Amino acid sequence: MTKQLLSITVMFLFSISAVMAQSFEFRYHGESLTDGALVTIAAEEDEWGFGEMCCYSNPSSDPNNGLVLQVLSGNNTQGSATMTIDENTFNPSRVLWCMGGNCMMFGNNTSITKSFNVVNGICQVQFDAEDIQSEGHLLATLTATIGAETHTVKIKFTNGELEEPITGDVNGDGSVTAADVTTLYNYILNDDDSDLVNGDQDGDGNITAGDVTTVYSILLGN
C-alpha cells in the first residue's frame, strides 16, 4: 500500500513538473515579445499591386518575417486561441485569421476561438485586413493557451494615422524587444544612429545609459 501511494505521488509530481516545464512565447521579426506587447503595422499597397490598402501580420512564408508563436520547451503541440477585434475604424472588406493552417474570416464576428497545432516548434500567426476603405485603425487582441500556460499579444493595423511613440520602442518597429537595447548600445558606443528613431526614453533630453535602463525595465515588466 505504501509503495502504491509513493508511486501515485511520484506520478503526480512528475505531471506537475511537466506542465510547469511547458513554455512558449510570441515573437515578431524573430524578436521575443513581452506578454501583452503591442505590435503596430502600417497599411501598405496590396502585394498583388491592385492599389488596395492592406495589412498583414505575416507577409511571407518566412516565420522570421512576421508574428509567430514559438514553443520553447515541452511536448505539447496543441493549443487554443482567441482573436478579438477591440476597435475597427478603417472598415476593411475582409479580415482573415490563420494559425496552424486553420483559417477563418471574421465577417460580422468580433471574436473567434479555435484550436491550433504547432509544427516543429513554430505556429505562424496570419492576421490580415484587406481592401481597407478609410483611414483609421484596427486593434485586436490574440490570446493563446497551451496546457496551463496563456500569453497575449496585441496587434494594431493603421492607415493614415499618426502614431504616438511607444515607450521603449527605440528603433520604431512598433514593439519593445532586445533589438531596442542593441540600437541604444550601437548609438552610445559606436555613434551608429542607423536604426535610432526614439532614443530619449527617460525624457532627460539626452541619449545615455539611463535610456538603456528604461528599456530594460520595460522588457522585465517593471
Side-chain angles (χ1 to χ4, degrees), residues 22 24-29 32-71 76-119 121-164 166 173-176:
Q22 174 65 43
F24 71 95
E25 66 182 8
F26 284 109
R27 293 182 179 180
Y28 187 57
H29 292 308
S32 300
L33 296 175
T34 56
D35 199 31
L38 174 67
V39 173
T40 302
I41 304 170
E44 297 180 355
E45 184 175 306
D46 179 79
E47 61 179 330
W48 304 111
F50 295 128
E52 298 172 352
M53 297 300 291
C54 303
C55 288
Y56 305 104
S57 65
N58 198 322
S60 76
S61 59
D62 181 359
N64 291 321
N65 195 27
L67 182 63
V68 301
L69 183 152
Q70 174 77 55
V71 172
N76 197 340
T77 61
Q78 294 183 323
S80 64
T82 299
M83 181 75 82
T84 301
I85 297 177
D86 303 307
E87 300 172 9
N88 183 2
T89 66
F90 63 22
N91 301 316
S93 63
R94 185 175 88 147
V95 179
L96 179 70
W97 171 40
C98 307
M99 279 186 73
N102 183 7
C103 299
M104 301 185 74
M105 284 199 299
F106 275 82
N108 294 324
N109 297 319
T110 58
S111 184
I112 295 176
T113 299
K114 61 186 181 67
S115 60
F116 64 88
N117 292 313
V118 180
V119 179
I122 292 178
C123 181
Q124 291 191 6
V125 179
Q126 294 173 292
F127 184 54
D128 306 338
E130 302 178 357
D131 191 13
I132 297 168
Q133 303 295 315
S134 60
E135 292 188 352
H137 67 269
L138 185 154
L139 177 65
T141 301
L142 173 60
T143 301
T145 300
I146 298 178
E149 187 173 359
T150 298
H151 294 297
T152 297
V153 63
K154 290 184 175 293
I155 305 164
K156 186 174 185 179
F157 293 151
T158 64
N159 180 38
E161 286 190 337
L162 293 176
E163 288 293 309
E164 290 294 325
I166 298 172
D173 67 353
S175 58
V176 183

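Given the structure is predicted, the values throughout are model-derived calculations rather than measurements. This chain uses plain numbering: 1 for the first residue, then up along the sequence.
- Going from atom CZ of F26 over to atom SG of C123 covers 8.5 Å, rounded to the nearest 0.5 Å.
- No side-chain donor-acceptor contact under 3.5 Å links T89 to the backbone of G136.
- Residues V125 and W97 come closest through the heavy atom pair CG1-NE1, 4.3 Å.
- I41 CD1 to T158 OG1: the interatomic distance, rounded to the nearest 0.5 Å, is 9.0 Å.
- The minimum heavy-atom distance between T145 and T150, with the atom names listed, is OG1-OG1, 2.8 Å.
- Here the CD atom belonging to Q70 is positioned 7.0 Å from the CD atom belonging to E25, to the nearest 0.5 angstrom.
- Atoms NZ and CG, from K154 and L38 in turn, are 8.0 Å apart once rounded to the nearest 0.5 Å.
- The heavy-atom pair separating M83 from A140 by the smallest distance is SD-CB, 4.0 Å.
- Here the CD atom belonging to E87 is positioned 5.0 Å from the CG atom belonging to L139, to the nearest 0.5 angstrom.
- For the residue pair Q78/N76, the side-chain donor-acceptor check at 3.5 Å is not satisfied.
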**Q.** side chain to side chain contact (heavy atoms under 4.5 Å, CB included) between I155 and L67, worked out
**A.** CA-CA 10 Å; I155 305 164; L67 182 63; 3.7 Å; yes

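- Each salt bridge (Lys or Arg N to Asp or Glu O under 4.0 Å) pair with one or both residues in residues 88-110, not counting sequence neighbours, appears once here: R94-E130.
- Remark: aromatic rings of Y56 and F157 are distant, center separation not under 6.0 Å.
- Of all the heavy atoms in S134 and F90, the pair that sits closest is O-CB, 2.9 Å.
- Looking at T40 and K156, their side chains never bring a donor and an acceptor atom within 3.5 Å of each other.
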Using residues 100-112 as the side-chain source, report each donor-acceptor pair under 3.5 Å to any protein atom, sequence neighbours left out, with the distance given to one decimal.
| from | atom 1 | to | atom 2 | distance (Å) |
| --- | --- | --- | --- | --- |
| N109 | ND2 | F106 | O | 3.3 |
| S111 | OG | T84 | OG1 | 3.1 |

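- A distance-only check finds a donor-acceptor pair linking the side chain of S57 to the backbone of F127 [under 3.5 Å].
- In the model, T152 has a side-chain atom that pairs as donor or acceptor with a side-chain atom of T143 under 3.5 Å.
- In this structure, CE in M99 is found 5.5 Å from CG in L142, a value given to the nearest 0.5 Å.
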Could you go step by step and tell me if I146 and F116 meet the side chain to side chain contact (heavy atoms under 4.5 Å, CB included) rule? CA-CA 10 Å; I146 298 178; F116 64 88; 4.0 Å; yes

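- Scanning all heavy atoms of the two residues, the minimum distance from E45 to M53 falls at N-SD, 4.1 Å.
- The shortest side-chain heavy-atom distance between V39 and V153 falls under the 4.5 Å cut-off.
- Side-chain contact annotation: N117 with T77, donor-acceptor N/O pair under 3.5 Å absent.
- For the pair N65/P59, a side-chain contact is recorded, criterion being any heavy-atom separation below 4.5 Å from C-beta on.
- No donor-acceptor pair under 3.5 Å is formed between the side chain of Q126 and the backbone N or O of Q124.
- Here the closest non-hydrogen pair linking L138 and P92 is CD1-CG, 4.2 Å.
- The six-membered or imidazole ring of H151 lies near that of F24, with a centre-to-centre distance under 6.0 Å.
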- Item | Stepwise side chain to side chain contact (heavy atoms under 4.5 Å, CB included) check, C54 with E44 | CA-CA 6 Å; C54 303; E44 297 180 355; over 6 Å; no

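- With hydrogens and angles ignored, the 3.5 Å screen pairs no side-chain donor or acceptor of N159 with any backbone N or O of I132.
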